[in-house]
Amino acid sequence: QVQLVESGGGLVQAGGSLRLSCAASGRTLGRYGMGWFRQAPGKEREFVARIWWSTGSTYYADSVKGRFTISRDNAKNTVYLQMNSLTPEDTAVYYCAAGPLWSDYPHAYDYWGQGTQVTVSS
């Protein structure tokens, strides 16, 4: 089992920045991929970014490329999502997830956090 707890969401003005954190516990993550997803009201959950824990390899959705950065801290067992140049279209509940596959699809992930709300005002 892997437990994931997100934090760092909040209200920010357009153009601002936030850093989300996802603290993991329960199992070593060396063979896991970690993903960030988001879900806006009335929309499906969408992929944002992912990182392979052991190598640090990353991949981003086109909508956030160049603005968001995913990273991990091995010592703290924590994954981060640095979000810059935020727009109102980034408003959503953000979830972190862990799974054994390198994938953009939510169903490929076995473990999910509870989510953290990000609201970007115009």
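The model shown is predicted, which means the values in this text are computed figures rather than measured ones. Residue numbers start at 1 and run along the sequence shown. When reading the values below, keep in mind they use all heavy atoms of this one structure, side chains included, and skip hydrogens, waters and symmetry mates.
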R72 charged N/C atom sitting above W52 aromatic ring, 6.0 Å / 45°: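 No, R72 does not sit over the ring of W52.
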
Is [Y] reachable from [X] through a run of hydrophobic residues whose side-chain heavy atoms are each under 4.5 Å from the next?
X: L81; Y: V12; answer: yes
X: V48; Y: W53; answer: yes
X: V5; Y: L20; answer: no

message: Take a 6.0 Å sphere around CD of Q1 and say whether it holds more than 12 heavy atoms from other residues, nucleotides or ligands.
response: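 No, the 6.0 Å shell around CD holds no more than 12 heavy atoms from other groups.
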
NZ/K43: more than 12 non-hydrogen atoms of other groups inside 6.0 Å: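 No - once you tally the heavy atoms of other residues, nucleotides and ligands closer than 6.0 Å, there are 12 at most.
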
Work out which heavy atom in [X] is nearest to a heavy atom in [Y]; give both atom names and the distance.
X: A14; Y: P88; answer: CB-CD, 4.2 Å
X: S17; Y: S85; answer: OG-N, 4.3 Å
X: G115; Y: V93; answer: CA-CG1, 3.9 Å
X: D110; Y: P100; answer: OD2-CD, 3.2 Å

task: Anything under 30° is parallel, anything over 60° is perpendicular, the rest tilted; go ahead and classify F47 against F37.
output: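 Answer is perpendicular, since the angle exceeds 60°.
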
Is there side-chain contact between [X] and [Y], with at least one heavy-atom pair below 4.5 Å?
X: T91; Y: Q117; answer: yes
X: Y59; Y: I51; answer: no
X: Y32; Y: Y111; answer: yes
X: V118; Y: D90; answer: no
X: L4; Y: Y109; answer: no
X: Q39; Y: Y94; answer: no

[X] side chain vs [Y] backbone, donor-acceptor pair below 3.5 Å:
X: S57; Y: T55; value: no
X: Y60; Y: I70; value: yes
X: Q3; Y: A24; value: no
X: T116; Y: G9; value: yes

- prompt: To the nearest 0.5 Å, how far apart are CZ in R19 and OG1 in T69?
  reply: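 The distance works out to 11.5 Å.
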
query: If you round to the nearest 0.5 Å, how far is CZ of R38 from OH of Y95?
result: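 One gets 13.5 Å once the value is rounded to the nearest 0.5 Å.
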
task: Name all pairs fulfilling the disulfide bond (SG atoms under 2.5 Å apart) condition that reach into residues 54-122, sequence neighbours left out, sorted by first residue then second.
output: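 Qualifying pairs: C22-C96.
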
query: Looking at residues at least two apart in the chain, or sitting in another chain, which of them share a side chain to side chain contact (heavy atoms under 4.5 Å, CB included) with S71?
result: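 Checked S71 against side chain to side chain contact (heavy atoms under 4.5 Å, CB included); matches are Y80.
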
task: Among residues two or more places apart or on two chains, list those pairs meeting salt bridge (charged side-chain N to carboxylate O under 4.0 Å, His left out) that have a residue in residues 91-107.
output: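 Listed once each, the pairs are R50-D104.
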
